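What you see is a predicted model, and the numbers here were worked out from it, not measured in a lab.
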2 protein chains.
Amino acid sequence: MPEANPVCERLAIVGLGLIGSSIARGARQYGLARSIVAIDRDPAVIERVQALGLADEATGEAEGVAGADLVILCVPVGAVGAVAEAMAPHLKPGAIVSDVGSVKASVVAAVSPHLPEGVHFVPAHPVAGTEYSGPDAGFSTLFSGRWCILTPPEGTDKAATARVQAFWEGLGAIVESMTPEHHDLVLAITSHVPHLIAYNIVGTAADLEAVTQSEVIKFSAGGFRDFTRIAASDPTMWRDVFLTNKDAVLEMLGRFNEDLAALARAIRWGDGDALFDLFTRTRAIRRGIVALGQETAEADFGRSRTPPEPAKDEPVSGR
Amino acid sequence: MPEANPVCERLAIVGLGLIGSSIARGARQYGLARSIVAIDRDPAVIERVQALGLADEATGEAEGVAGADLVILCVPVGAVGAVAEAMAPHLKPGAIVSDVGSVKASVVAAVSPHLPEGVHFVPAHPVAGTEYSGPDAGFSTLFSGRWCILTPPEGTDKAATARVQAFWEGLGAIVESMTPEHHDLVLAITSHVPHLIAYNIVGTAADLEAVTQSEVIKFSAGGFRDFTRIAASDPTMWRDVFLTNKDAVLEMLGRFNEDLAALARAIRWGDGDALFDLFTRTRAIRRGIVALGQETAEADFGRSRTPPEPAKDEPVSGR
């Protein structure tokens with residue numbers, strides 16, 4: 001493979017869901033590993049991995065990590081501790097263990113104690129995903145142009161961190177490092193609380209008596225449908241996120257609630273200027289996200305495909 | 001124009017923003033009116049309307065409605081009363097007046113008193129839009145496959161209601177009727193509260209001290225960016241929506257807050273089952289929205305375009 005630039009010899013991916021299977025596809029496509037072993041406790045997933053040809057080997061056993069120089073845990077954050085414990089005895093000396101968890105402090109606390117001397121742990125979080133789950137949902141370009149955050153604990157081997165960075169850059173990601181605590185605070189507001197309020201409003205709408213579910217669905221194009229996308233994300237993954245990033249989520253949620261109470265008060269008392277000021281301020285943030293290539297500038301996310309409009313000089317009255 | 005099937009002779013559109021200019025484009029493209037007059041108090045908008053060739057005539061004067069048999073008000077709901085008053089003396093007997101406001105009870109109360117005997121008022125609300133504003137943002141297919149809700153007051157002329165329905169069906173919309181009060185309740189949960197919490201979380205994120213705005217923007221792909229789209233909607237329109245649908249919005253917001261408090265409590269006390277149950281329940285609603293053609297089934301709204309994956313029987317190591 002001429003263009004191949006392997007970052008590791010043997011890559012072990014534990015958990016072949018949306019993220020794990022996207023890593024497998026990307027590692028293959030960009031030649032980041034000489035061989036890939038897929039490990040998943042679910043026999044149905046192993047079957048799909050084999051049918052899709054996502055790895056050179058696929059197994060349900062933790063022993064599968066034997067001989068791997070890079071092991072990436074792609075399981076829900078509530079499960080990483082148990083998975084690390086099960087695979088620890090089989091890890092090769094000098095191996096690098098990483099993960100993709102949306103929470104970092106709790107992952108460091110859960111994984112580190114199980115890893116033998118001489119094995120390097122470099123926690124990572126690729127900030128990317130879709131509302132779909134499972135090995136069929138992944139694709140090789142999921143991480144392209146997205147940020148991947150590394151949170152190496154104090155004293156982590158620099159060479160190990162550099163290799164994990166090279167791996168993610170090989171998948172097209174932009175790598176940045178910060179402490180696990182800061183990561184958990186940043187993601188609480190950019191990802192966790194947004195998911196929580198999306199799940200919440202979809203639940204609120206589903207429970208109304210005065211408005212039928214069929215009305216909620218029919219008239220969802222007024223804004224509601226946008227929230228249903230992230231409210232369709234994997235329930236196990238998200239349950240674990242909220243249970244393991246409790247403090248940061250509750251802190252950010254508290255701020256969200258204070259601001260929402262002020263907005264409700266502005267509505268009740270007819271303070272149009274307060275509403276107008278906020279509604280104007282928020283436009284700038286989206287412009288920044290679009291400018292940074294983290295969002296499409298297409299209207300309505302490009303959902304409403306528009307045919308070419310008749311130009312001025314063409315006859316345009318009816319047709 | 002052979003395929004043309006005019007629903008009216010002379011169509012007057014008052015307010016040429018996203019919605020008004022989309023109606024003008026659609027009416028042209030589908031031949032729904034023999035002539036179109038565009039009325040907007042902003043000279044810059046009139047200039048764009050002329051440059052884009054969106055209407056046969058364009059004026060800043062309320063007198064522009066003279067001779068029109070169908071007049072559609074496409075101004076913010078806080079302005080419809082004053083606009084109706086200004087144009088009332090110029091309305092032709094038997095003319096039909098309609099609107100596109102996101103709130104209906106307050107629009108009926110604001111417009112009806114100004115309309116002379118023999119002029120029919122058929123309030124309407126097309127549930128469609130994008131985050132962009134102004135005459136350049138519109139497109140003729142904006143309403144295609146979307147619902148348009150009519151809220152004709154008791155005793156409204158049946159023929160007038162039928163013509164407004166035919167007009168919206170001509171634009172590709174699906175028409176449904178309900179009372180203004182029920183409309184305002186349904187839209188409070190499917191559109192108004194979603195916009196309010198989207199504006200709110202974007203504001204909360206912008207105001208954090210511990211997390212920089214550049215971090216919020218970089219890591220927005222974790223979910224936050226979805227909210228920034230509707231939080232980029234027109235500030236004047238949305239200020240008016242909240243001021244004129246106060247009771248329904250505060251009622252639905254109250255329910256949202258109760259449910260959110262229960263979720264926060266589940267997080268604080270580690271009730272994973274409560275979280276998992278909600279996160280599973282919410283998936284069904286999105287499936288319903290996709291099934292009804294109100295949402296794309298494409299992952300991530302189709303924002304992440306995926307290249308074809310290598311098939312199983314092809315060599316897939318590297319490329």
- Hey, mind stepping through R229(B) and E295(A) against salt bridge (Lys or Arg N to Asp or Glu O under 4.0 Å) and telling me if it holds? CA-CA 9 Å; R229(B) 187 185 78 80; E295(A) 176 62 285; over 6 Å; no
- Residue among S233(A), G254(A), A128(A) with most heavy-atom pairs under 4.5 Å to chain B: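 The option with the most such pairs is S233(A).
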- Message: I need the residue from L243(A), I230(A), D226(A) with the largest number of non-hydrogen atom pairs under 4.5 Å to chain B.
- Response: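 It is D226(A).
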By a 4.5 Å heavy-atom criterion (distance strictly below it), what part of [X] contacts chain B: side chain, backbone, both, or neither?
X       : value
L196(A) : both
S144(A) : neither
R287(A) : neither

- Message: Using ring centroids (six-membered ring only for Trp), state whether F242(A) and F276(B) fall under 6.0 Å.
- Response: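 No, ring centres 6.0 Å or more apart.
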Toward chain A, the part of [X] with a non-hydrogen atom under 4.5 Å:
X       : value
V290(B) : neither
A297(B) : both
I36(B)  : neither
L185(B) : both
H192(B) : neither
S102(B) : neither
I267(B) : both
Q213(B) : side chain

Of the non-hydrogen atoms in [X] and [Y], which two are nearest, and what is the gap between them?
X       : Y       : answer
A264(A) : L253(B) : CB-CD2, 3.8 Å
G222(A) : V127(B) : N-CG1, 3.5 Å
A232(B) : R283(A) : O-NE, 2.9 Å
F227(A) : A198(B) : CZ-CB, 4.2 Å
G203(A) : L278(B) : CA-CD1, 3.9 Å
H182(B) : A210(A) : CE1-O, 3.1 Å

Using a 3.5 Å distance criterion without hydrogens, assess whether the side chain of [X] forms a donor-acceptor pair with backbone atoms of [Y].
X       : Y       : result
D259(B) : N200(A) : no
T282(A) : V202(B) : no
E131(B) : D300(A) : yes
R239(A) : L275(B) : no
T228(A) : R286(B) : no
R225(B) : Q294(A) : yes

- Query: Is any side-chain heavy atom of V186(B) closer than 4.5 Å to a side-chain heavy atom of T212(A)?
  - Reply: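 In short, these two side chains do not touch, never coming nearer than 4.5 Å.
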- Query: Does L292(A) reach the side chain of I217(B), with side-chain heavy atoms less than 4.5 Å apart?
  - Reply: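 Of all side-chain heavy-atom pairs linking I217(B) with L292(A), at least one is under 4.5 Å.
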So which of [options] has the largest heavy-atom pair count under 4.5 angstrom toward chain A?
options                            : value
P194(B), P126(B), G145(B), A137(B) : P194(B)
W147(B), Y132(B), W238(B), F279(B) : F279(B)
A231(B), G288(B), G270(B), S214(B) : A231(B)
T296(B), I174(B), T280(B), L263(B) : L263(B)

Roughly how far apart are [X] [atom1] and [Y] [atom2], rounded to 0.5 Å?
X       : Y       : atom1 : atom2 : answer
F219(B) : R146(A) : CZ    : CZ    : 12.5 Å
I201(B) : I197(A) : CD1   : CD1   : 4.0 Å
L187(B) : E215(A) : CG    : CD    : 10.0 Å
R265(A) : L250(B) : CZ    : CG    : 12.5 Å

- Message: Here's a test for you: under side-chain contact (heavy atoms from CB on, under 4.5 Å), which of I285(A), I189(A), I289(A) qualifies with S220(B)?
- Response: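 Passing option: I289(A).
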- Assign the ring pair F301(B) / F301(A) to parallel, tilted or perpendicular, where the plane angle (0 to 90°) is split at 30° and 60°.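 Plane angle under 30°, so parallel.
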- Only counting residues at least two apart or in another chain, list the ones meeting salt bridge (Lys or Arg N to Asp or Glu O under 4.0 Å) with E258(A).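 In terms of salt bridge (Lys or Arg N to Asp or Glu O under 4.0 Å), with neighbours along the sequence ignored, E258(A) is linked to no residue.
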- What residues form a salt bridge (Lys or Arg N to Asp or Glu O under 4.0 Å) with D207(B), not counting sequence neighbours?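 D207(B): salt bridge (Lys or Arg N to Asp or Glu O under 4.0 Å) contacts with R281(A).
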- Please test V211(A) against M252(B) for side-chain contact (heavy atoms from CB on, under 4.5 Å), starting from the C-alpha separation and ending with a verdict. CA-CA 11 Å; V211(A) 179; M252(B) 290 302 173; 4.2 Å; yes
- Passes salt bridge (Lys or Arg N to Asp or Glu O under 4.0 Å), E209(B) versus R255(A)? Steps please. CA-CA 12 Å; E209(B) 323 78 27; R255(A) 289 166 177 265; 3.2 Å; yes
